[in-house]
Student: 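Pasting a structure below so you can have a look.
Just so it is clear, the model here is predicted, and its values are computed rather than measured. One-based numbering along the sequence shown.
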Amino acid sequence: MALLNFRRSAQPGTATQNTAEVEALMQGYSIEVMPRTAEKVADFRAILPVGTRVYIAHIDGTPISDMVATAARLRAEGMEPMPHFPSRIIADRQELTDWISRYQGEADVKQALLLGGGVSTPKGDYDNSMQMLETGLFDGFTRLHVAGHPEGNRDIDPDGGQRVILDALRWKQGYAREAGVKMAIVTQFAFEAKPVIAWAQDLRDQGITLPVHLGVAGPAKLQTLIKFAIACGVGPSLRVLQKRAKDVSKLLLPFEPTELVGELAAHKAANPDFAVERLHFFPLGGIKANADWNIANGGAAAQPAQH
């Protein structure tokens, strides 16, 4: 999930646009890891601010023990773990109960991201996050996030539209209100700012007031971004990368989200009611590179716990 217009970086992690507006938008940012990428980080306190919300992506086939161990480590190092619960890879209520019990008992997990998951056909009883919410098993969590799709999602709405997605978000908003739980929409990534800004405004026009945590792809090579964009089903904004890819000399150059984040920050400053509340980073080019960029551009609030 991400949202940005890429520019070539002068030096990895170098601040090229470090303004008060950017720093304000980057406060309280979140980032995503998987167990295998977390293993490459010696100590998260050396690269992330204390209390950073760290999503733990659950790829189909990853043992739950690895997921829980990663969450426990993040908790021990002063971070706030938020594991994924992909409905379509969970077998049944018993397995969902087991996951929740282990996360809570071994890692003191209090927050979760509920989503459909990366498979088109459910492996068990659940097809979507609403069915998991209806179980009541997430009662007691302090925060629950749900997925947003600025460019649509054909697994949810086959014609690429937003109607089914908007109906689901209205249902989830009602659930959050009745359950008294904090909820936000965290989005997939795209590569153009204006359409995402329009999408966020449309949410408000449709009566959806949940805050948006906007996905941003971290610094990465262009070829890496194209690979992930295709795999994640990024829609029309993929043309931005395809256009850049025509210049073969740029394929191996790193690009950073500096321009897009700056554009979003300026919009947020001019429009305080803009639905985007936080940024969520996908470290597609590596978590260290992403953390370095955040440190360089995020001001005092983005400085790591140990520095």
Side-chain angles (χ1 to χ4, degrees), residues 1-33 37 47-49 52-55 148 150-151 186-197 199-200 212-232 234-245 250-269 274-299 301-303:
M1 310 172 182
L3 152 93
L4 44 148
N5 217 340
F6 296 97
R7 65 174 294 172
R8 194 172 87 184
S9 138
Q11 304 236 350
T14 299
T16 53
Q17 182 173 348
N18 193 349
T19 68
E21 294 173 351
V22 170
E23 292 181 12
L25 183 59
M26 287 188 60
Q27 286 192 22
Y29 77 81
S30 57
I31 198 163
E32 187 153 316
V33 301
T37 56
I47 62 172
L48 300 178
T52 297
R53 179 178 297 118
V54 181
Y55 292 63
E151 297 187 286
V186 61
T187 76
Q188 178 57 281
F189 55 88
F191 298 98
E192 294 179 278
K194 288 183 180 179
V196 177
I197 290 172
W199 170 81
V212 173
H213 292 200
L214 196 64
V216 175
K221 295 176 182 178
L222 182 58
Q223 59 187 9
T224 300
L225 293 172
I226 292 173
K227 180 185 72 173
F228 278 104
I230 293 173
C232 295
V234 170
S237 71
L238 179 60
R239 61 177 176 260
V240 173
L241 298 186
Q242 292 170 329
K243 182 178 180 180
R244 290 181 179 272
K250 295 182 178 180
L251 285 177
L252 298 180
L253 295 175
F255 285 79
E256 298 186 346
T258 308
E259 290 182 11
L260 187 340
V261 171
E263 186 175 345
L264 293 170
H267 184 81
K268 178 70 172 179
F274 182 41
V276 173
E277 175 185 71
R278 297 280 187 271
L279 298 182
H280 173 63
F281 287 93
F282 292 81
L284 304 182
I287 190 169
K288 180 64 165 56
N290 203 150
D292 285 346
W293 187 90
N294 292 356
I295 292 166
N297 291 273
Q303 298 309 300

Student: Which residues pass the side-chain contact (heavy atoms from CB on, under 4.5 Å) test with E277, not counting sequence neighbours?
Tutor: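 Residues passing side-chain contact (heavy atoms from CB on, under 4.5 Å) with E277: P211, H213.
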Student: Kindly write out the residues that satisfy side chain to side chain donor-acceptor pair (under 3.5 Å) with K288, not counting sequence neighbours, or none if the list is empty.
Tutor: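 Checked K288 against side chain to side chain donor-acceptor pair (under 3.5 Å); matches are D292.
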Student: Any non-hydrogen side-chain atom of L264 less than 4.5 Å from a side-chain atom of I197?
Tutor: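 Heavy-atom side-chain distance check passes, below 4.5 Å.
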Student: A265: what forms a side-chain contact (heavy atoms from CB on, under 4.5 Å) with it, not counting sequence neighbours?
Tutor: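 A265 satisfies side-chain contact (heavy atoms from CB on, under 4.5 Å) with E21, V22, L25 once adjacent residues are dropped.
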Student: For A301 and P49, which heavy atoms make the closest approach, and how far apart are they?
Tutor: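 So the minimum-distance heavy-atom pair works out to O-CG, 3.4 Å.
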Student: Under the side-chain contact (heavy atoms from CB on, under 4.5 Å) criterion, do Y29 and V261 qualify, and how do the steps go?
Tutor: CA-CA 12 Å; Y29 77 81; V261 171; over 6 Å; no
Student: Can you check side-chain contact (heavy atoms from CB on, under 4.5 Å) on F274 and V212, steps first, answer last?
Tutor: CA-CA 9 Å; F274 182 41; V212 173; over 6 Å; no
Student: For P283 and E32, which heavy atoms make the closest approach, and how far apart are they?
Tutor: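 Minimum heavy-atom contact is CG-O, 3.1 Å.
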Student: Check whether any side-chain heavy atom of V216 sits under 4.5 Å from a side-chain heavy atom of L279, and report yes or no.
Tutor: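 Counting from C-beta outward, V216 and L279 do come under 4.5 Å.
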Student: Mind listing the closest non-hydrogen atom pair of H280 and Y55 along with its distance?
Tutor: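 Closest pair (atom of H280, atom of Y55, distance): CE1-CD1, 3.0 Å.
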Student: So I31 and N290, side-chain contact (heavy atoms from CB on, under 4.5 Å) or not? Walk me through it.
Tutor: CA-CA 9 Å; I31 198 163; N290 203 150; 4.1 Å; yes
Student: Does Q303 reach the main-chain N or O of I295 with its side chain, forming a donor-acceptor pair under 3.5 Å?
Tutor: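 Pair found, side chain donor or acceptor close to backbone of I295.
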Student: Nearest 0.5 angstrom please: R278 CZ to Q27 CD, how far?
Tutor: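 R278 CZ to Q27 CD: 7.5 Å, rounded to 0.5 Å.
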Student: Does V33 form a side-chain contact (heavy atoms from CB on, under 4.5 Å) with I287? I'd like the steps, not just the answer.
Tutor: CA-CA 8 Å; V33 301; I287 190 169; 3.4 Å; yes
Student: Give the minimum heavy-atom separation between S30 and T52, together with the two atoms involved.
Tutor: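 In this case the closest contact between S30 and T52 is CA-CG2, 4.5 Å.
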